[in-house]
Amino acid sequence: MRFWQRTKTILVFLIEWSTFLLLEAVLGRLFRPYALVAGLLALIFFLLAGIFFSGLARRFQGRYSLLALVPIGVGLAGLDQICKLLVNAHLAEGGRIPVLPPWIALGHERNYANSWLLNSLGVENVNKAWLILFSLVILGLIGFFYDYYIAQQRGGFWPAAAFVFLSGGVLSALVDQTIWGFALDFVGLTHLVTADLKDIDLTLGIGCLLAEAVSNPRIRWRLDPHQDLRDLRAYLESRKRPS
């Protein structure tokens with residue numbers, strides 16, 4: 001049983017990228033030169049990430065406060081932005097430096113859709129004001145629901161890691177939208193996609209959310225509006241009380 005439980009938490013990290021690869025296959029883009037192998041290498045990366053984080057989850061079971069995790073999320077966003085500054089300073093737009101030839105390269109691509117997924121779907125010139133507003137709302141909701149979740153359910157590694165990766169990714173996206181005006185993508189998978197650390201953070205964050213969903217036996221999947229409202233009221237009242 002424990003083996004199966006751990007296996008589930010590892011495999012959920014493959015869901016997003018496997019779905020993307022399936023979409024690329026349906027669109028006929030997965031079978032271009034080197035694209036399939038590049039996609040499989042990324043799949044191996046997310047598998048290893050699932051194994052690594054699953055090991056950490058068994059060691060770190062504490063309840064981590066929102067304020068303690070915020071600096072880590074900010075650090076992830078800062079790391080993404082530092083990488084973009086270095087790429088912008090030392091690599092011309094459109095340039096590529098092989099990292100694991102011919103499948104993976106360091107690139108310099110400007111994505112005005114601000115999302116590798118939107119760019120892959122052919123969406124361009126997304127309204128910047130709406131993107132900024134959307135990012136601000138999502139950033140606030142991530143913080144609220146993390147604090148609410150650990151108050152009502154449990155703490156532990158998975159919800160904390162999900163908050164860190166998701167908040168770091170969204171915060172970096174907000175910097176892209178407000179300062180750069182585009183996403184500078186630099187992680188290139190040949191003939192498949194070029195992404196940035198923000199995209200990887202968001203993918204890992206959703207993987208951590210899914211891992212928590214399959215590993216927490218206390219999660220109630222059936223909606224109960226009355227109970228949910230009582231829980232929300234209790235949470236809000238607890239936040240009004242002086243500490």
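- Listed by chain and residue number, D147 satisfy the side chain to side chain donor-acceptor pair (under 3.5 Å) test with Y235 (two or more places apart in sequence, or in another chain).
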Check step by step if side-chain contact (heavy atoms from CB on, under 4.5 Å) holds for L85 and N88. CA-CA 5 Å; L85 287 171; N88 190 59; 5.8 Å; no
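- To the nearest 0.5 Å, the span separating CG on L166 from CG on L171 amounts to 12.5 Å.
- Residues S215 and A211 come closest through the heavy atom pair OG-O, 2.7 Å.
- For the side chain to side chain contact (heavy atoms under 4.5 Å, CB included) criterion with L30, the lone passing option out of L22, L192, L23 is L192.
- The two residues A162 and G205 come nearest to each other via the heavy atoms CB-O, 3.7 Å.
- One distance of note links CG of L210 with NZ of K8; it measures 12.5 Å at 0.5 Å rounding.
- The structure places CG of D196 at 8.5 Å from CG of N111, a figure rounded to the nearest 0.5 Å.
- Between T194 and L189 the shortest side-chain heavy-atom distance does not fall below 4.5 Å.
- Take L100 and apply the side-chain contact (heavy atoms from CB on, under 4.5 Å) test, not counting sequence neighbours, and it matches L41, W103, I104.
- Looking only at distances, no side-chain donor or acceptor of W158 sits under 3.5 Å from a matching main-chain atom of F53.
- What you find for L202 and G169 is that their closest heavy atoms are CD2-CA, 3.8 Å.
- Residues V70 and S167 form no side-chain contact, since every pair of their non-hydrogen atoms from C-beta on lies 4.5 Å or further apart.
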Yes or no on side-chain contact (heavy atoms from CB on, under 4.5 Å) for T203 and F45, after CA distance, side-chain angles and deciding distance? CA-CA 12 Å; T203 303; F45 167 80; over 6 Å; no
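- When hydrophobic residues (I, L, V, M, F, W, Y) are linked wherever their side-chain heavy atoms come within less than 4.5 Å, L229 remains an isolated member.
- Closest non-hydrogen pair, Y148 versus L232, comes out as OH-N, 3.7 Å.
- Partners of D80 under the side chain to side chain donor-acceptor pair (under 3.5 Å) rule, at least two apart in sequence or in another chain, are K84, S172.
- Scanning for side chain to side chain donor-acceptor pair (under 3.5 Å) contacts around T190 gives an empty result, with sequence neighbours left out.
- Of all the heavy atoms in L76 and F165, the pair that sits closest is CD1-CD2, 3.7 Å.
- Here the side chains of E24 and F20 are in contact, with some heavy-atom distance below 4.5 Å.
- Expressed to the nearest 0.5 Å, how far CD1 of I10 lies from CZ of F13 amounts to 9.0 Å.
- When all heavy atoms of A183 and K198 are compared, the pair lying nearest together is CB-NZ, 3.7 Å.
- Looking at heavy atoms from C-beta onward, R96 lies in side-chain contact with E109 at the 4.5 angstrom threshold.
- Y64 pairs by the ring-ring contact (aromatic ring centres under 6.0 Å, His included) definition with nothing, not counting sequence neighbours.
- Transitive grouping of hydrophobic side chains (ILVMFWY, heavy atoms separated by less than 4.5 Å) keeps L86 and V99 in distinct clusters.
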For residues 134-145, tabulate all N or O donor-acceptor pairs below 3.5 Å that involve a side-chain atom, not counting sequence neighbours.
{"from": "S135", "atom 1": "OG", "to": "L131", "atom 2": "O", "distance (Å)": "3.0"}
{"from": "S135", "atom 1": "OG", "to": "Q177", "atom 2": "OE1", "distance (Å)": "3.0"}
{"from": "S135", "atom 1": "OG", "to": "Q177", "atom 2": "NE2", "distance (Å)": "3.3"}

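- Between the side chain of H191 and the backbone N or O of P33 there is at least one donor-acceptor pair closer than 3.5 Å.
- Partners of R154 according to the salt bridge (charged side-chain N to carboxylate O under 4.0 Å, His left out) rule, which considers only residues two or more places apart in sequence or in another chain, are E212.
- Taking F186 as the reference, nothing meets the ring-ring contact (aromatic ring centres under 6.0 Å, His included) condition, with sequence neighbours excluded.
- In terms of the side chain to side chain donor-acceptor pair (under 3.5 Å) criterion, residue partners of D231 (sequence neighbours excluded) are, by chain and number, Q227.
- With sequence neighbours excluded, the residues that form a salt bridge (charged side-chain N to carboxylate O under 4.0 Å, His left out) with R110 are E93.
- Atom CZ in F163 sits 13.0 Å away from atom SG in C208 (nearest 0.5 Å).
- Criterion: ILVMFWY side-chain heavy atoms under 4.5 Å apart, direct or through other members. Under it, I82 and L91 are not part of a common hydrophobic cluster.
- Between atom CD1 of residue I200 and atom CH2 of residue W17 there is a gap of 9.0 Å, rounded to the nearest 0.5 Å.
- Here side-chain hydrogen bond (donor to acceptor under 3.5 Å, both in side chains) pairs that include residues 48-61, with residues two or more places apart or in two chains, are R6-S54.
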